[in-house]
Colleague: 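Mind having a look at this structure? Questions to follow.
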Amino acid sequence: MSPLQVRNPFDNEDAEQAGSASAQVDPLLVEIDHVAIAVRDLGAAIDFYRDTFGALVEHREIVEDDGVEEALLRVAESYIQLLTPTRDDSPVARFLDSRGEGLHHIGYRVADCAVALQAVKDHGGRVIDEAPRPGSRGTTVAFVHPKAAFGTLIELVEV
Ligand code: CO
């Protein structure tokens with residue numbers, strides 16, 4: 001068995017042993033870094049999270065290359081990332097036009113973005129970023145195509 005394969009617990013009659021077998025696997029995804037939500041009015045979305053849930057903005061940034069402004073609201077060790085376009089031709093603007101507001105991507109925290117990205121390629125996955133690149137707040141990121149990931153846009157985030 002390769003170290004990346006998880007033993008099927010149903011192959012093993014001893015349930016306790018099967019449970020410990022999964023500990024052999026070194027997971028590449030170590031935390032949910034953020035859940036990103038595309039919104040048209042960033043201020044209104046921030047107000048909603050603050051007034052309703054008491055969630056406060058910890059970081060705010062305009063990422064010119066991506067054509068987005070983001071606000072990060074901490075939830076335990078993760079974030080809600082509210083995203084809004086800064087120009088009409090940005091990917092998030094196109095997303096809002098075609099899909100409307102809502103869940104845009106999941107950011108998984110990884111120890112090494114290049115290693116996780118290579119794992120996607122090794123398993124025949126389709127990537128958006130061929131190599132890791134700078135993300136917001138000094139992170140290193142790479143996006144995995146939703147068509148290769150069961151309909152969810154995935155961002156690999158090395159903090
Ligand atoms: Co993100």
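When a ligand or atom number is given, it counts from 1 through the structure's own listing order.
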Colleague: Quick one: pull up CG in Asp41 and CD1 in Ile46 and give me the separation to the nearest 0.5 Å.
Modeller: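 The distance works out to 9.0 Å.
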
Colleague: Between Arg137 and Glu61, does any NZ, NE, NH1 or NH2 come within less than 4.0 Å of an OD or OE carboxylate oxygen?
Modeller: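 A salt bridge is absent here (no side-chain N lies under 4.0 Å from a carboxylate O).
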
Colleague: Mind checking what makes ring-ring contact (aromatic ring centres under 6.0 Å, His included) contact with Tyr108, not counting sequence neighbours?
Modeller: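 With sequence neighbours excluded, Tyr108 shows a ring-ring contact (aromatic ring centres under 6.0 Å, His included) to no residue whatsoever.
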
Colleague: Counting only pairs under 3.5 Å, give me each side-chain donor-acceptor contact of residues 142-149, with atom names and distances, residues two or more places apart or in other chains.
Modeller:
residue	atom	partner	partner atom	Å
His145	ND1	Lys147	N	2.9
His145	NE2	Arg126	NH2	3.3

Colleague: When you check the space around the Co ion (ligand 1), which protein N, O or S atoms turn up under 2.8 Å?
Modeller: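 Per the 2.8 Å query on the Co ion (ligand 1), atoms found are His34 NE2, Gln81 OE1, His105 NE2, Glu155 OE1.
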
Colleague: If hydrophobic residues (ILVMFWY) are linked whenever their side-chain heavy atoms come closer than 4.5 Å, directly or via other members, who joins Ile62 in its cluster?
Modeller: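 Under the 4.5 Å side-chain rule, Ile62 groups with nothing.
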
Colleague: Output yes when a side-chain donor or acceptor of Arg74 lies under 3.5 Å from a complementary backbone atom of Glu58, and no otherwise.
Modeller: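 Side chain of Arg74 to backbone of Glu58, a donor-acceptor pair under 3.5 Å: no, none is there.
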
